[in-house]
Amino acid sequence: MEIFDTLSNSLKELKTANGKRFNVFVCGPTVYDKPHLGHARTYIFFDIFIRYLRYKGLHPFYLMNITDIDDKIIKKANSENVPYDEISRRYSAEFFKIMKALRNESVNYYAFATDFINEIISQISRLMDRGYAYETSDGVYYSVEKFADYGKLSHQDISQLKAGARVETNENKKSPLDFALWKKRKPNEPYWDSPWGEGRPGWHIEDTAITERFFGYHYDLHGGGIDLIFPHHEAEIAQMEAISGKPPLVDYWVHTGHLSVENVKMSKSLGNFITVEEILKDYWPESIRLLFIGMNYRDTSNFSMDGLNNSQIIAERLTWIYRKVADVETQRKENYETFINEITEPLDKNMNTPESLANINAFIRWATNELGKTDGKNGEIRAILDDIDSIFGIVRKAPLPEGLLNTVLEIRKRARANGDYGTSDKIRSDLSKLGIKIEDKGNESFAWW
RNA sequence: GGGUAGGUGGCAGAGCGGCGAUGCGCGGGACUGCAGAUCCCGUUUAUUGGGGUUCGAAUCCCCACCUACCCUCCA
C-alpha cells in the first residue's frame, strides 16, 4: 500500500517485510484536560490504519506516549492547588476511558514520559558530549545551528525561520530557534535529579527517549497531528539523528489534518473545543468514527452536527443489518470477495477512507435488499460486516435486553392485533425514550438501538 | 515574508487523461393503522477563471484569483 510521507512530500510504498514487526509511534496527548474532537479524529485515524495493517496480516507494534509532565500540567495543578501528578493521573485516566469508548483499542503500549527520565538524561548527555547542546542558567538547550538538516521535515529554510521567528525572547539561548532539552527547577515545580541540577525534561526529548528504548535509532513510522511537524517532530529528528549519526529516524512521517467546528478553527481562546465526552452523550462512537471515515485524514476538515447526524444514519443502517444476521454463520463466497475488495482497496491508496465508505454504502444497499430474500446471502452479509467492523470499528454490536423486551413486544403485538393503537404507540414512544427503537413490518416488530 | 495542501452539485466528499462515484438534503412513488425503516424514480449545463497540450482534461502544463493550515503551546 501507499502512504503519504511528510518528509519526502510524496506517496511512498509501505515496505513491510513478511512477518517482520512494523514499529509505529504516534504522539499521544499532554494530559491536562479532557480529550476533544481533534484528538478523536487523529487517534481514530491511526486506530483504523493499524487495524487495517493487522487485517492485512502485518505485525505493527503501536506505541503511544503520554506527556505527563509539562508546563500546562503544572499550571493546572497550581491553579487547583494539587500535586502535578494528580492532574496527569486524572486526565490520563480520562484519555484512556475516551479511547476505549471510541473503540480505539489498537495501541500496544502507552509510555508515560516520567517513566523514562533516565533515558532522557542519557540522551541529553550524549547530545552534550557531541556538541549539539549547551547549558545555561535556566536549562539545557539544543543548538539548532549545529544540525544541518534542521528544517527538512517542515521544508523550511532555517534562515527563513529566523526571519519569521515569533518565539519568545530568552536571553540565555544562543538562537531563538533553540529548544529546551532540560528545564531547571523553579519554585513550586516538580523535579528530578540530573547532571545539570534538579529540573524536568523538555517536551521533544521524551519522545526520542521512549522510541530509542523501544525501537532503537530507527523505526518505521511516526504519526501525529499536522501541528506537530514543526517544531516537535523536527526536534525529534535533530535529537535522534544527532545522537545516532545514522539517519533516518523513521521511514514514514504521517500527519493528520486539523478539525474546525462549524467552520471555525477550534481554539482555546474562542472556547469552541468540543469534548468527546460531550458528543458521546448523544451519539454512538460508531457515528463519530464514520464521520471521520468520510473525511480524508490529511485534509483540514470541518466538524458539524449535520455531518454527525448524517453519520449516525449510516451507523444505524449497519447495526440494523447486523442484528438481522447476528446469529448466522459466516460464509465467504463471491459476494464477500467482491465487496471486501471494493471496501479495502481504497485503503491501499493512502487510506482513502471516503472511497471505502462509498463502497460500504453500496454494500448496505445490497445487503438490505438481500435480507428480505429466502435464498440466503445472510452468511456472506455477516462475514462482510465482521470484516468491516474489524477494520473500521463501525458496526455496533451491543446486545438488547432480549427477555424483557420480548415480553413488552408481545404485549404490544396483541394491542395492535386488537386495534388498540393508543397502547401500541405509547409503548413505542416510551421505548424510544430509552433508546430502543421499534419498527413494524406487517404483524412483526423489530427492536434495536 | 517563507513553507504545505487545496479550490468538484444545496451540503459533505471520491475520481487524477476517455459515459462526473457515494451519502445527506430536496421532489415524487411503493409499503404502513400511524410512524419509522426500507425500496424505486427524479434533482435539467457541479469540476474557481483564462490560456495551452491532446482525437479527448475535473484529471497534464502555464498564468491569475481565492481558501485552509504551519512558521508560538497545540491532535
Side-chain angles (χ1 to χ4, degrees), chain A residues 4 6 9 26-30 32-33 35-46 67 70-72 75 95 151 153-168 176-177 179 203 223-232 234 255-260 263 265-268 273 290-291 293-304 306-314 316-317 320-321 346 349 352-365 367-369 371-372 416-417 419-422 424-425 428-429 432 437-442 445-446 448:
Chain A
F4 188 90
T6 305
N9 236 327
V26 173
C27 283
T30 300
Y32 70 100
D33 209 344
H36 59 249
L37 285 170
H39 295 110
R41 192 222 183 146
T42 293
Y43 299 125
I44 286 171
F45 168 73
F46 283 108
T67 301
D70 172 87
D71 290 351
K72 286 191 284 296
K75 191 178 167 193
F95 178 71
L153 181 67
S154 55
H155 309 285
Q156 310 254 15
D157 190 297
I158 195 162
S159 57
Q160 289 294 344
L161 280 172
K162 276 184 190 162
R166 285 183 279 148
V167 289
E168 59 184 290
L177 293 174
F179 54 87
W203 178 36
I226 193 171
D227 52 297
L228 299 181
I229 294 173
F230 188 92
H232 187 52
E234 200 76 71
H255 294 100
T256 54
H258 267 198
L259 208 59
S260 56
N263 292 313
K265 181 187 171 181
M266 270 204 283
S267 77
K268 278 281 175 198
F273 273 99
L290 274 160
L291 177 66
I293 286 165
M295 304 170 175
N296 183 297
Y297 76 93
R298 298 186 64 231
D299 289 346
T300 300
S301 298
N302 183 240
F303 173 89
S304 68
D306 265 6
L308 185 59
N309 288 325
N310 188 335
S311 299
Q312 179 80 15
I313 291 170
I314 312 297
E316 289 182 0
R317 280 179 191 155
W320 167 270
I321 297 167
K349 297 182 293 180
N352 188 343
T353 53
E355 197 176 330
S356 291
L357 181 57
N359 294 325
I360 288 172
N361 281 319
F363 158 71
I364 288 173
R365 171 166 309 146
T368 48
N369 273 318
L371 280 173
R416 290 181 73 220
D420 180 3
Y421 297 117
S424 72
D425 287 353
R428 184 169 63 194
S429 71
S432 173
K437 296 184 184 175
I438 304 294
E439 303 188 346
D440 300 320
K441 180 77 179 175
S445 298
F446 188 73
W448 61 296

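Quick note on labels: first sequence line is chain A, next is B, and so on, each numbered from 1.
Side-chain atoms of A/Asn9 and A/Phe4, non-hydrogen and from C-beta on, do get closer than 4.5 Å to each other. Contact annotation: the side chain of A/Asp227 approaches that of A/His258 to within less than 4.5 Å [non-hydrogen atoms, C-beta and beyond]. Inter-residue side-chain proximity for A/Arg428 and A/Ser445 is flagged as unmet; no heavy-atom pair is nearer than 4.5 Å. Between A/Thr353 and A/Phe45, every side-chain heavy-atom pair lies at or beyond the 4.5 Å cut-off. Residues A/Trp320 and A/Glu439 are in side-chain contact: their nearest non-hydrogen atoms beyond the backbone lie under 4.5 Å apart.
The C1' atoms of B/rG17 and B/rC66 are separated by 26 Å, rounded to the nearest whole Å. Taking atom P on both nucleotides, B/rA37 is separated from B/rG23 by 16 Å, rounded to a whole Å. Taking atom P in both B/rU8 and B/rG49, the straight-line distance is 10 Å, to the nearest Å. Between the P atoms of B/rG20 and B/rU59, the separation comes to 14 Å (whole Å). Between the C1' atoms of B/rC16 and B/rG56, the separation comes to 15 Å (whole Å). Distance check on atom C1': B/rG13 versus B/rA21 gives 10 Å, rounded to whole Å. For the P atoms, the distance from B/rG28 to B/rG33 is 22 Å, rounded to whole Å. Rounded to the nearest Å, the gap between the C1' atom of B/rC65 and that of B/rU72 is 30 Å.
Following rounding to the nearest Å, A/Asn302 (CG) and B/rA12 (C1') show an atom-to-atom distance of 9 Å. Note: CG (A/Asn359) to C1' (B/rA21) measures 9 Å, nearest angstrom. Rounded to whole angstrom, the span from the CE atom of A/Met295 across to the P atom of B/rA68 amounts to 17 Å. When rounded to the nearest whole Å, the span between CZ of A/Phe46 and P of B/rA75 equals 13 Å. Taking atom CG of A/Asp425 as the reference point, atom P of B/rG36 lies 12 Å away to the nearest angstrom. Summarising the geometry, the separation between CD1 on A/Ile314 and P on B/rA12 is reported as 17 Å, rounded to the nearest angstrom. The CD1-C1' distance, from A/Ile360 to B/rA14, rounds to 14 Å in whole Å. Note: CH2 (A/Trp320) to P (B/rC39) measures 11 Å, nearest angstrom.
A/Phe230 comes within 4.0 angstrom of sugar-phosphate atoms only, judged by non-hydrogen atoms across all strands, and of no base. Contacts of A/Asp306 with the nucleic acid, taken as non-hydrogen atoms under 4.0 Å apart, are absent. The residue A/Gly224 sits close only to the backbone: its heavy atoms come under 4.0 Å of sugar-phosphate atoms, none of a base. A/Ser424 comes within 4.0 angstrom of a nucleotide base, judged by non-hydrogen atoms across all strands. At the heavy-atom level, A/Gly225 lies under 4.0 Å from the strands shown only through sugar-phosphate atoms.
By the neighbour-count criterion of 12 heavy atoms within 6.0 Å, atom NZ of A/Lys349 is densely surrounded, having more than that number from other residues, nucleotides or ligands.
Closest to the side chain of A/Arg365, out of B/rA75, B/rC34, B/rC39, is B/rC39. Considering only the side chain of A/Arg317, B/rU38 comes nearest among B/rU38, B/rA14, B/rA75. Side-chain proximity of A/Asn310 to B/rC69, B/rG23, B/rU72: nearest is B/rG23. Comparing atom distances between the A/Asn9 side chain and each of B/rA5, B/rA75, B/rG23 picks out B/rA5 as nearest. Taking the side chain of A/Thr368 as heavy atoms from C-beta on, and the options B/rU38, B/rC40, B/rA68, the nearest nucleotide is B/rU38. The side chain of A/Ile313 lies closest to B/rG25 when the candidates are B/rG33, B/rG25, B/rG3. Distance from the side chain of A/Lys72 is smallest for B/rC73 among the nucleotides B/rC71, B/rC69, B/rC73. In this structure, the nucleotide among B/rG2, B/rC39, B/rG13 sitting nearest to the side chain of A/Gln156 is B/rG2.
Taking a centre distance below 5.5 Å and an interplanar angle below 30 degrees as the stacking criterion, A/His36 does not stack against the six-membered base ring of B/rA75.
Not one side-chain nitrogen or oxygen of A/His155 sits closer than 4.0 Å to the OP1 or OP2 atom of B/rG3.
Pair assignment for B/rC24 gives B/rG10, based on Watson-Crick or G-U wobble hydrogen-bonding distances that are each under 3.5 Å. For B/rA5, the paired base is B/rU67 (Watson-Crick or G-U wobble, both distances below 3.5 Å). Base pairing of B/rC39 is made with B/rG29, judged by Watson-Crick or G-U wobble geometry with both donor-acceptor distances under 3.5 Å. The partner of B/rG18 is B/rC55, judged by Watson-Crick or G-U wobble contacts that both fall below 3.5 Å. Here B/rC73 sits opposite no nucleotide as a Watson-Crick or G-U wobble pair (both hydrogen-bonding atom distances under 3.5 Å).
A/Asp299 and A/Ser301 share no side-chain donor-acceptor pair at under 3.5 Å.
Residue side chain A/Asp440 reaches the base of B/rC34 through a donor-acceptor N/O pair under 3.5 Å, judged by distance alone. A/Asn352 contributes no side-chain N or O that forms a donor-acceptor pair with the base of B/rG15 under 3.5 Å. Under 3.5 Å, the side chain of A/Arg428 and the base of B/rA35 form at least one donor-acceptor pair of N or O atoms. Side-chain N/O atoms of A/His255 and base N/O atoms of B/rA75 include no donor-acceptor pair closer than 3.5 Å.
When the nearest nucleotides of RNA chain B are assigned to A/Glu355 and A/Arg41 by heavy-atom distance, the more 5′-ward of the two goes with A/Glu355. Mapped onto RNA chain B by nearest heavy atom, A/Glu439 and A/Gly294 fall at different nucleotides, with A/Gly294 at the one closer to the 5' end.
Shortest non-hydrogen contact noted between A/Leu308 and A/Leu291 is N-CD1, 4.0 Å.
Between A/His39 and A/Tyr43, the two ring planes are parallel [angle under 30°; tilted spans 30° to 60°].
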